Amino acid sequence: MQHQPWASGKSIDDLEATMSSRWGTLDDSSTSMAGGIPEGFEIFSGDEDDFETMDDYDVHYDDSSPPKKGNKNKNNMSGSDRWRKPVLDPWDEEEASSKKQRNNKFFGEREYYDQDDEGYEILGEMEDDDGDEFLEIDESISSPYLPRVDHLIAPKPAGGRGSNRNSNKNDGGGGYFFNPDVVNSRKKEDAPLFRKERKRDVSEPNSVAPESEEDIRTNKARKRRQSAKPLLNKNGQQRLLTIEEAFNQFQESVDEGMMEIIETAEVPILAKHANAKSWDDVGITSTTMLENLRYDMNCPNPLAVQEKTTPAILTGSDVLVGTYTGSGKTLSFLVPLVQRLLWSIDEDSDGNIINDPGLAVLIVVPGRELASQIVSVARDLLQDTGLSALRDALRN
Ligand SMILES: Nc1ncnc2c1ncn2[C@@H]1O[C@H](COP(=O)(O)OP(=O)(O)OP(=O)(O)O)[C@@H](O)[C@H]1O
């Protein structure tokens, strides 16, 4: 497949290869990084001034050309090739029509509920004294569900790694989506997110001076309208949160005791450093899945985030993971979830499933392309297990 160069003069292949190397998929076991860092390409190492957004680029993706020779057979694809050309094409006619049928059957029109993200009923839109709009909520109705996170898995902050842009060493530091300065300053403030093995007791008396009831009400309302506001764009439509907004919302939920962190674990930036453990070591027992991982998917050992998530998910914990792009999040949830599914299924002596569990795992992601990528990985993982992966989409 022929890729148009980016405005920077680098091809998508170069950028993808660099991102993979930055986040640790460059190791002896990965064919995706054969050749190392492309010649003439500098590793971005986290200077604040160097932060760029996707909007800075004019990206053209040529889908009309036939796939590269040797890529026709999915099993011949290297890890990165699979991602360039999803096995499931979202615009494939056959898929589109089966998707339509499934949508009509199961979803109908999508409904919106008048609740904010904390489960409070929204009474209407109001303006405060400064003219800022906020959502008026009914404080008498609160969410019955207080989320509890058993494991919080976060990237190890990039402190002391230096920011030499010309370095061609794969030495981590910074990132496109997390500003290391923000991460480090939050660490300095002893933010709960980065406090190791922090145990939070929500019933613990607050050490700061007690606020008046009025103050508490005002602060809560302010916080709530701050967190409700970013969900709408200027046309009043729902929009996605930025990473920083999502981080702030998460932080507020923790600070307000809406979410309880039981344990945190730091994931090293360089995922390849985690290859000390094998999939068996972290609890994977399915020989079929192990073979798929090792021989078909070229993932013989878990990456750092997978090493952390797998035992936690296998034992039924709720896990919240935040790691860098390309660090291996997809398999970090797919592998343990599939393993749990396989444990729950009975087979006859020929290996046929005898009690079909129906829909057993639901993965919700923001976007069709991401869904296609996950289904593509899931199908590789599920080969010969008797399980299958389907993709569906909610209509707006
Ligand atoms: N255990 C492993 N061993 C070798 N390569 C792996 C392993 N796990 C994942 N990879 C490869 O690492 C790359 C990135 O993985 P993945 O896309 O899951 O990362 P991610 O964190 O979900 O990225 P994003 O944030 O962009 O969604 C893929 O090419 C994948 O094949």
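A quick note: this is a predicted structure, and the numbers were derived from the prediction, not measured. Heavy-atom basis, side chains included; hydrogens, waters and symmetry copies ignored. Read the numbers this way: they start at 1 and go in the same order the structure lists the ligands and their atoms. Note that the numbering runs from 1 along the sequence shown for the chain.
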Which heavy atom of V375 sits nearest a heavy atom of L390, and at what distance?
CG2-O, 3.9 Å
Does any N or O of ligand 1 fall below 3.5 Å from an N or O anywhere on G328, backbone included?
yes
Say whether N298 and ligand 1 are in contact under the criterion: heavy-atom distance to a ligand atom below 4.0 Å.
yes
Can you list the ligand 1 atoms lying under 4.0 Å from a non-hydrogen atom of T330?
16 (P), 17 (O), 18 (O), 22 (O)
Ligand-residue contact atoms, ligand 1 with Q306, heavy atoms, under 4.0 Å
1 (N), 2 (C), 7 (C), 8 (N), 9 (C)
For V335 and M289: C-alpha separation, side-chain torsions, deciding distance, then whether side chain to side chain contact (heavy atoms under 4.5 Å, CB included) applies.
CA-CA 8 Å; V335 170; M289 191 162 61; 4.1 Å; yes
Answer side chain, backbone, both or neither: which part of N301 comes under 4.0 Å from ligand 1, heavy atoms only.
backbone
Identify, by atom number and element, the atoms of ligand 1 in contact range of L303, meaning under 4.0 Å from any of its heavy atoms.
1 (N), 2 (C), 3 (N), 6 (C), 7 (C), 8 (N), 9 (C), 10 (N)
Do you know the tightest heavy-atom contact between P311 and Q306?
CD-O, 4.4 Å
Report the part of Q373 in contact with ligand 1, treating N, CA, C, O as backbone and CB onward as side chain, heavy atoms under 4.0 Å; options are side chain, backbone, both, neither.
neither
At less than 4.0 angstrom from any non-hydrogen atom of L331, what atoms of ligand 1 do you find?
8 (N)
As an exercise, identify every atom of ligand 1 less than 4.0 angstrom from a heavy atom of G326.
14 (C), 19 (O), 20 (P), 21 (O), 23 (O), 24 (P), 25 (O), 26 (O)
Please list, in number order, the atoms of ligand 1 under 4.0 Å from a heavy atom of S327.
19 (O), 20 (P), 21 (O)
Can you see whether W279 engages T310 through a side-chain donor-acceptor pair at a distance of less than 3.5 angstrom?
no
Heavy-atom closest contact (V282 atom, P302 atom, distance):
CG2-CG, 4.3 Å
Quick one: closest heavy-atom pair of V377 and M297, and the distance?
CG1-CE, 3.6 Å
What's the shortest heavy-atom distance between L303 and S327, and which atoms?
CD1-O, 3.7 Å
